[in-house]
Amino acid sequence: MKILVINGPNLNLLGEREPGIYGNDTLESLCGEISQRAAELGFECDFFQSNHEGAIIDTLHAARLEYDGIIINAGAYTHYSYAIRDAIAAIHIPVIEVHISNVHTREEFRHHSVISPVCTGVIAGLGKKSYLCALEYFR
Ligand code: DQA
């Protein structure tokens with residue numbers, strides 16, 4: 001099982017970005033924990049982060065030929081990127097949408113995800129465990 005974890009805009013600043021909402025872990029330490037769990041499960045796991053919509057779309061396209069599944073935190077693109085939604089719809093591997101925070105308890109614009117309808121599942125509000133739970137799906 002080969003999994004790609006994609007993190008979108010501003011997630012490179014985890015640890016210093018709004019720690020009351022997103023916690024104190026850096027992206028590096030988060031990816032380290034995911035890697036560790038993936039290894040325990042016998043999975044190969046790669047990581048990609050970008051603040052750029054097109055780079056995320058290119059990565060989704062390329063991933064369709066190389067990975068068995070994707071875990072994506074599209075950051076704020078979640079709420080309005082029809083282009084990322086279409087890229088997910090275009091590829092035929094399972095994509096799990098994750099969020100660190102519970103988007104439904106936050107500002108109204110975060111309550112709607114344009115990517116959820118084309119994702120296999122959605123996990124939000126469990127902090128870093130959102131990613132770890134998504135990994136379990138692929139067992
Ligand atoms: C987020 C929630 C989004 O609304 C926000 O724009 C993010 C992070 C989360 O992981 O909780 O950048 O996806």
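Both ligands and their constituent atoms are indexed starting at 1 by order of listing. Just so you know, these numbers come straight off a predicted model, no measurement behind them.
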Out of curiosity, does I91 fall in the hydrophobic cluster containing V118 (side-chain heavy atoms, cut-off under 4.5 Å, transitive links)?
yes
What residue and atom, counting heavy atoms only, is the protein's closest point to atom 5 (C) of ligand 1, and at what distance?
R110 NH1, 3.2 Å
Would you mind checking if K2 and D68 are paired as a salt bridge, meaning a charged N to carboxylate O distance below 4.0 Å?
no
Which residue and heavy atom of the protein sit nearest atom 9 (C) of ligand 1, plus the separation:
I100 N, 3.3 Å
H79 side-chain N/O to H112 backbone N/O, donor-acceptor pair under 3.5 Å:
yes
What do we get for H99 next to ligand 1 when only non-hydrogen atoms under 4.0 Å count, side chain, backbone, both or neither?
both
Honestly, for V103 the part within reach of ligand 1 (heavy atoms, under 4.0 Å) is side chain
With heavy atoms of R17 as the reference, note each atom of ligand 1 found under 4.0 Å away.
7 (C), 12 (O)
When you measure from the side chain of Y77 to the backbone of E53, do you find a donor-acceptor pair of N or O atoms at a distance under 3.5 Å?
yes
Can a non-hydrogen atom of Y77 be found less than 4.0 Å from any atom of ligand 1?
no
Please check: side-chain N/O of H92 versus main-chain N/O of R64, any donor-acceptor pairing under 3.5 Å?
no
Are V122 and V114 connected in a single hydrophobic cluster, I mean Ile/Leu/Val/Met/Phe/Trp/Tyr linked by side-chain heavy atoms less than 4.5 Å apart?
no
Would you kindly say whether N51 and Q49 are connected by a side-chain donor-acceptor distance under 3.5 Å?
yes
Residue-ligand contact N73/ligand 1, heavy atom below 4.0 Å:
yes
Considering only heavy atoms of H79, which atoms of ligand 1 have at least one such atom less than 4.0 Å away?
3 (C), 4 (O)
Can you tell me the protein heavy atom closest to atom 11 (O) of ligand 1 and the distance?
S101 OG, 2.6 Å
When you compare ligand 1 with L11, is there at least one nitrogen or oxygen pair between them that comes in under 3.5 angstrom?
no
Looking at ligand 1, is there an atom of it that comes within less than 4.0 Å of some heavy atom belonging to N10?
no
Checking E97 against T78: is there a side-chain donor and acceptor pair closer than 3.5 Å?
no
